[in-house]
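Reviewing the structure listed below.
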Amino acid sequence: MTHHRRSSMTFEETAEGYVTSEGGLAVLENPLLNKDTAFSLEERQELGLDGLIPPVVETIDEQVARAYAQYLAQPTDLQKNVYLTGLQDRNEVLFYRLLSDHLREMLPIVYDPTVAQAIKNYSQEYRRPRGVYLSIDDMDGIEQAFRNFGLEADQVDLIVASDAEEILGIGDWGVGGAAGIAVGKLTVYTAAAGIDPGRVIPVALDVGTDNEGLLNDPFYVGERHSRKRGRRYDDFIDAYVTTATRLFPNAMLHWEDFGPSNARRILEKYTGRLPTFNDDMQGTGAIVLAAMLGATRVTGTPMRDQRVVVFGAGTAGIGIADQLRDAMVRDGLDPETAGRRIWPVDKQGLLVDDMSDLRDFQVPYARPSSEVAGWRRDEGGIRLGEVVRRVKPTMLLGTSTAHGAFTEEIVRAMAANVERPIIFPISNPTDRIEAMPQDLITWTDGRALIATGVPINPITCHGVTHVIGQANNALLYPGLGLGAVVSRARQVSKGMLHAAADAVGGLVDVSTPGASLLPQVENLREVSATVAVAVCRQAAAENLARVDLKDPVQQVQDAMWQPRYRPIRGESG
Ligand SMILES: NC(=O)c1ccc[n+]([C@@H]2O[C@H](COP(=O)([O-])OP(=O)(O)OC[C@H]3O[C@@H](n4cnc5c(N)ncnc54)[C@H](O)[C@@H]3O)[C@@H](O)[C@H]2O)c1
Ligand SMILES: O=C(O)C[C@H](O)C(=O)O
Ligand SMILES: [Mg+2]
């Protein structure tokens, strides 16, 4: 029996449905219990709802049809997002049913790319709170904030936290970014992997913001001061982790959209001690690896023979480099040689080991200065074009947020040296993408193998329809999280990430020309379940599982929350 408390009202989940001690408006105001016009006549009587709902008794299908019509009537993508958020706040079952019935259409509205617009407009469109808001100015209030949310120690599976320093590719968006991305990521967890929406907490870590627009916006709802760093920041993060793990010992901690100076430091500090992972580094690394494995099946060239240029050597770029290097090691190379098959390029051009401004996590990939002695330099260092001409990469990855950086000249230069150039411009949202797939197809005469972070419609060229896989961590982290939750994994290990990437790769059939390198978004539930099972098996194999995994396939299925109404009884009924 699971016991939930939300909005200061209690209900329990039994095999038959929910039992609640309260009635009347409190039931309608709880988004996990509310069925609105779908409450049966018996439920209305028993729960004290008579006269509080119009007389009609509707099915969920009728409700979905109305909600969809209301959704379609919204004039812009942002208003569609606001509408869906409102529905999520009123009735979560209906929201998730509508979303799963129209996943391809609505995922870009609740998630990338529209979530970026919603975040920019968070304080303007603010209607009501969701989740837990923690402030660096009130460290002593962390425990009380979690207690006020009302969940007990064994009722939390997953916590997604962000400090919003590097939201997608749009930078610092303060409290709205933190809350918006934590909620957006959790919405995908439920839609994709059936993570129970009553057993999660979105956490906004408000450490201030350096965004002048927000600091000078009278509507801004966050702490109105610059972003705090250093010792105080670290203490705040530590207080969050310590309190969350003490109050909710089963919860996995997911980190999202931290800045490059914090993301890896935080992950390295807590990995090994508790179940935790960074989505931008590890989720992204694993999904790109999966797409890469698909591409190498098309080209017939093994991982160990790839030459990879990573453009944008930040959190995501180096996170991906790590996964690709590990995959080359599994493919027979020693770690040193594998690392040498990756060329990182950032704002200062190709990263070279004699540079004084390298970040610590970039150092292992910096190129020896002897290698590049004769290469052309301009005031911006050794630029991407020169790197591509010298290296003759088989793969070009974009994680830079620099829109249009993969120019026609650079792409043609790459395509001149390799039969099937693998080009993944995965910066989000769409106005940050390094090149549009249509252009990549044109410039390479249909030879490019492409994946992007944002959704892209299929492109036809010379009679071949190219389906562009979405190399977005949304195809990976929900299943990874579900696997960690079902196995109650002590840690999220490297092996579990590899298992997740292999599981996604195994779902792709690249035998037809133009086939997507990744599974389609419509199949997100299947993808996530497959990933979760693989992650469970790996956790068990590494002795990291805290539950007995006799039948992981069934255990994963049983754990997946479904958007359907459960019968609700009053406690006396
Ligand atoms: N598809 C996915 O699943 C996915 C996952 C994570 C991140 N991303 C995207 O990747 C991008 C980067 O995210 P991040 O978290 O790594 O950010 P980040 O700030 O850690 O890294 C970005 C890097 O790009 C560099 N850069 C910026 N402008 C550049 C330019 N003109 N030329 C060369 N380098 C430049 C920065 O110096 C930095 O090192 C974002 O657009 C984000 O949306 C996509
Ligand atoms: O949120 C996304 O769409 C993917 C990724 O986590 C990002 O930061 O861009
Ligand atoms: Mg992210």
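Start at 1 and go down the list; that is how both ligands and their atoms are numbered. Residue numbers count from 1 along this sequence.
The aromatic rings of Tyr477 and His254 stand perpendicular to each other, their planes meeting at an angle above 60°, with 30° marking the opposite boundary.
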Requested in this report: Go through the steps for Tyr126 and Asn121 under the test side-chain hydrogen bond (donor to acceptor under 3.5 Å, both in side chains), then give the verdict.
Outcome: CA-CA 8 Å; Tyr126 182 82; Asn121 290 281; over 6 Å; no

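Under 2.8 Å from the Mg ion (ligand 3) lies an N/O/S atom of Asp257, whether from backbone or side chain. For residue Asp280, an N/O/S atom approaches the Mg ion (ligand 3) to within less than 2.8 Å.
With a heavy-atom cut-off of 4.0 Å, Thr284 touches ligand 1 through its side chain alone. Residue Lys347 touches ligand 1 through backbone and side chain together, judged by heavy-atom distances below 4.0 Å.
Proximity of Ala313 to ligand 1 is established by a heavy-atom distance of less than 4.0 Å. Not a single heavy atom of Glu166 sits under 4.0 Å from any atom of ligand 2.
The ligand atoms of ligand 1 that sit less than 4.0 angstrom from a heavy atom of Gly453 are 1 (N). Residue-ligand proximity, Thr401 to ligand 1, at heavy-atom distances under 4.0 Å covers atoms 11 (C), 12 (C), 40 (C), 41 (O). For ligand 2, the atoms sitting less than 4.0 Å from at least one non-hydrogen atom of Asp112 are 2 (C), 3 (O), numbered in the order shown with element in parentheses.
If you check the side chains of Asp279 and Asn473, you find a donor sitting under 3.5 Å from an acceptor. Between the side chains of Gln438 and Trp443, no donor N or O sits under 3.5 Å from an acceptor N or O.
Counting just the N/O/S atoms of Glu256, the one with the shortest distance to the Mg ion (ligand 3) is named OE2.
Summarising the contacts of atom 26 (N) of ligand 1 with Ala402, Ser400, Gly312, the nearest heavy atom is found in Ser400.
A ring-centre distance under 6.0 Å is not found for Tyr365 and Trp343.
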